[in-house]
Asks: 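Quick one: the structure is below, questions incoming.
All chains are named by letter (A, B, ...) in the order of the sequence lines, taking the proteins before the strands, and each is independently numbered beginning at 1.
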Amino acid sequence: MKAKEIFPDPKRIRRKLLGWYDGHRRRLPWRETRDPYAIWISEIMLQQTQVKTVVPYYLRFLERFPTVETLAHAPLGEVLKTWENLGYYARVRNLHKAAGEIAEQHGGRIPDNREEITRLPGIGRYTAGAILSIAFGRVVPAVDGNVRRVISRLFEITESVDDEETRERIEALVQTLVPKRDPGRFNQALMELGAVRCTPKSPSCPACPLQDDCRARAQGLAHRLPVRGKKKTVPHREVVAAVISDGKGRILIVQRPACGLLGSLWKFPGGILNPREAREEGLKRIVRDELGIGIGVGSPLAAVKHAYTHFRITLTAFSCTLLEGSPAGPQWRWAGTGESEALPFSSADRRIARSVAPPLGH
DNA sequence: AACTCGGGGAG
DNA sequence: CTCCCAGAGTT
């Protein structure tokens, strides 16, 4: 156990960081409220997602679901639609489930202590710390990727920040820095510094309020920290989709299973080809397995490339005809253009849909 | 400890 | 292209 790890003086760090934050912080909608519900929504959306991306989703979501009760009682499909294209859809399924638990078990109020708030689905160590400090003034750290980067540079931590041991050390360091007065402001200031000054590739050290306290800067190592673990190479998958028309301007769509990749979103029939499998034959096989129907596969309509977190796909859509049987199995429907616009699709599937039937006004 | 889970911004 | 983003849940 190290006796004292503090090299830069905590008071000095707090004073400089908070002074900078008050003068330079971005005006963000969730910084204009003290409503724990609104802060909760923002923190879930901000998981692995940049501020600029979140802002319009946040505003739309709070307009549509302004309270725990409105969210708890809304159909999941509507909540999913407001989340469309934001990604990591387990977040919104957990959000909806947690809203139900808060309404039922906590009288509609977000819990203000770590034990209860961490039990809610979707709230882990970081998000609990963020909500507790920002909405309730609890003196706890909120360590996200920005904070890990700032701290690893400030203290010149050369062990991988992907190691659990390093993460615990960083959280312990932040714990010693969080002030009793307005801890949420301090946590946000640390994240803000990482977002706009202490950036991953080319940090703006000359404009950093902590430049004189930063060990990595003193060693000329700022741009080389933090050290990250090795990344795996991502495989590529060939995906095929069937655009089956009913001859009346409607197209067959199906809903994905509630769990797993893009859970509960809608898609076109189809899926992943086996290695070296011909696309047309593979599509017939997959659609028969999926819906129990026989189809004829015509010409390719569109092909889109898309990157997920740990694999890439090439998605090719074919014009198809229903030859035999009627769909059975998962949730499915014949959908007109307006109807599919109102249902949640993934980014890649939406591109296919728009190439088949461009929305009005475009 | 290693995987799974999206989409987009920035360089 | 690559890397990373106000991470959490599962195995």
Asks: Taking heavy atoms of chain A and a 4.0 Å limit, find me the 5'-most and 3'-most nucleotide of DNA chain C within that range.
Replies: dT2(C) to dG9(C)
Asks: If you measure from the P atom in dG8(B) to the same atom in dG9(C), how many Å do you get, rounded?
Replies: 24 Å
Asks: For side chain to side chain contact (heavy atoms under 4.5 Å, CB included), just list the numbers for E159(A) and V227(A), CA-CA rounded to whole Å, side-chain angles, deciding distance to a tenth of an Å, and then say yes or no.
Replies: CA-CA 6 Å; E159(A) 293 82 10; V227(A) 173; over 6 Å; no
Asks: Nearest-Å distance, CG (L46(A)) to P (dG7(B))?
Replies: 18 Å
Asks: In whole Å, I'd like the distance from the CZ atom of R312(A) to the C1' atom of dG6(B).
Replies: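 From R312(A) CZ to dG6(B) C1': 13 Å.
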Asks: Starting at atom CD of E165(A), determine the distance to atom P of dA2(B), rounded to an integer number of angstrom.
Replies: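 So the two atoms are 14 Å apart, to the nearest Å.
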Asks: Measuring only the C1' atom in each nucleotide, how far is dG6(B) from dC3(C)? A whole number of Å is fine.
Replies: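 Looking at atom C1' only, dG6(B) and dC3(C) are 15 Å apart.
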Asks: Without decimals, in angstroms, what is the distance between F311(A) CZ and dG7(B) C1'?
Replies: 13 Å
Asks: Is E277(A) paired with R285(A) through a side-chain N to carboxylate O contact shorter than 4.0 Å?
Replies: yes
Asks: For Q50(A) and dA10(B), what is the distance between atoms CD and C1' respectively, to the nearest whole Å?
Replies: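 Atom-to-atom, Q50(A) to dA10(B), this comes out as 7 Å.
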Asks: Applying a 4.0 Å non-hydrogen cut-off, can you work out what G260(A) is touching in the nucleic acid: base, sugar-phosphate, or nothing?
Replies: sugar-phosphate
Asks: Indicate, with a heavy-atom threshold strictly under 4.0 Å, whether Y126(A) touches base, sugar-phosphate, or nothing.
Replies: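 Base contact.
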Asks: Quick check: on DNA chain C, is the nucleotide nearest A128(A) upstream (toward 5') of the one nearest R228(A), or the reverse? Name the residue that is more 5'.
Replies: R228(A)
Asks: Give the rounded distance in Å between these two atoms: CE of M45(A) and P of dG8(B).
Replies: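 Rounded to the whole Å, the gap is 15 Å.
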Asks: Round to a whole Å and report the spacing from NZ of K231(A) to P of dC5(B).
Replies: 21 Å
Asks: What distance, rounded to whole Å, do you find between the two C1' atoms, one in dC4(C) and one in dC5(B)?
Replies: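 The answer is 16 Å between these two C1' atoms.
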Asks: Can you get from V356(A) to L283(A) by hopping between Ile, Leu, Val, Met, Phe, Trp and Tyr side chains that sit under 4.5 Å apart?
Replies: no
Asks: Less than 4.0 Å between a side-chain N and a carboxylate O, is that true for E341(A) and R354(A)?
Replies: yes
Asks: Both K232(A) and L262(A) contact DNA chain B. Taking the nearest nucleotide for each, which residue is further toward the 5' end?
Replies: K232(A)
Asks: Check DNA chain B against residues 76-98 of chain A and give the residues with a non-hydrogen atom under 4.0 Å, in numerical order.
Replies: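 Here the set is N85(A), L86(A), G87(A), Y88(A), Y89(A), R91(A).
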Asks: Quantified in whole Å, what is the C1' atom distance between nucleotide dA8(C) and nucleotide dG9(B)?
Replies: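 So the two C1' atoms sit 22 Å from each other.
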Asks: NA contact type, T127(A), heavy-atom cut-off 4.0 Å: base, sugar-phosphate, or nothing?
Replies: sugar-phosphate
Asks: Among T67(A), T70(A), I41(A), which residue satisfies the side-chain contact (heavy atoms from CB on, under 4.5 Å) criterion with L62(A)?
Replies: I41(A)
Asks: Classify the ring geometry between Y58(A) and W30(A) as parallel (under 30°), tilted (30 to 60°) or perpendicular (over 60°).
Replies: perpendicular
Asks: Are H306(A) and dG7(B) close enough that a side-chain N or O sits under 4.0 Å from OP1 or OP2?
Replies: yes
Asks: Would you kindly compare I123(A) and S42(A) by the position of their nearest DNA chain C nucleotide and give the one closer to the 5′ end?
Replies: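 It is S42(A), whose closest nucleotide lies nearer the 5' terminus.
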Asks: Taking the basic N atoms (NZ, or NE/NH1/NH2) and the acidic carboxylate oxygens, is any pair closer than 4.0 Å for E116(A) and R109(A)?
Replies: no
Asks: Look at the side chain of T49(A) and the base of dG6(B), then say whether one donor and one acceptor between them are separated by less than 3.5 Å.
Replies: yes
Asks: Which is true for S202(A) with a 4.0 Å heavy-atom rule: it touches a base, it touches only sugar-phosphate, or it touches nothing?
Replies: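 Since no nucleic acid heavy atom lies under 4.0 Å of S202(A), the category is nothing.
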Asks: For the pair made of CD1 in I313(A) and P in dT4(B), what is the distance, rounded to whole Å?
Replies: 16 Å
Asks: Given side chain to side chain contact (heavy atoms under 4.5 Å, CB included), test E238(A) with L315(A) step by step and report yes or no.
Replies: CA-CA 6 Å; E238(A) 285 288 338; L315(A) 171 58; over 6 Å; no
Asks: Between the side chains of K81(A) and E78(A), is the shortest nitrogen-to-carboxylate-oxygen separation below 4.0 Å, so that they form an ion pair?
Replies: no
Asks: Any salt bridge linking K284(A) with E281(A)? Criterion: basic side-chain nitrogen under 4.0 Å from a carboxylate oxygen.
Replies: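 Looking at E281(A) together with K284(A), the answer is yes, because their closest N to O distance falls below 4.0 Å.
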Asks: Mark yes or no for a side-chain to base donor-acceptor pair under 3.5 Å between T309(A) and dG6(B), with no hydrogen or angle criteria applied.
Replies: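 Under the 3.5 Å cut-off, the side chain and the base do form a donor-acceptor pair.
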Asks: Yes or no on side chain to side chain contact (heavy atoms under 4.5 Å, CB included) for R31(A) and E192(A), after CA distance, side-chain angles and deciding distance?
Replies: CA-CA 12 Å; R31(A) 289 180 178 162; E192(A) 186 81 350; 2.8 Å; yes
Asks: Go nucleotide by nucleotide along DNA chain B from the 5' end; which of Q47(A) and T53(A) gets its closest nucleotide reached first?
Replies: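 Upstream on the strand: Q47(A).
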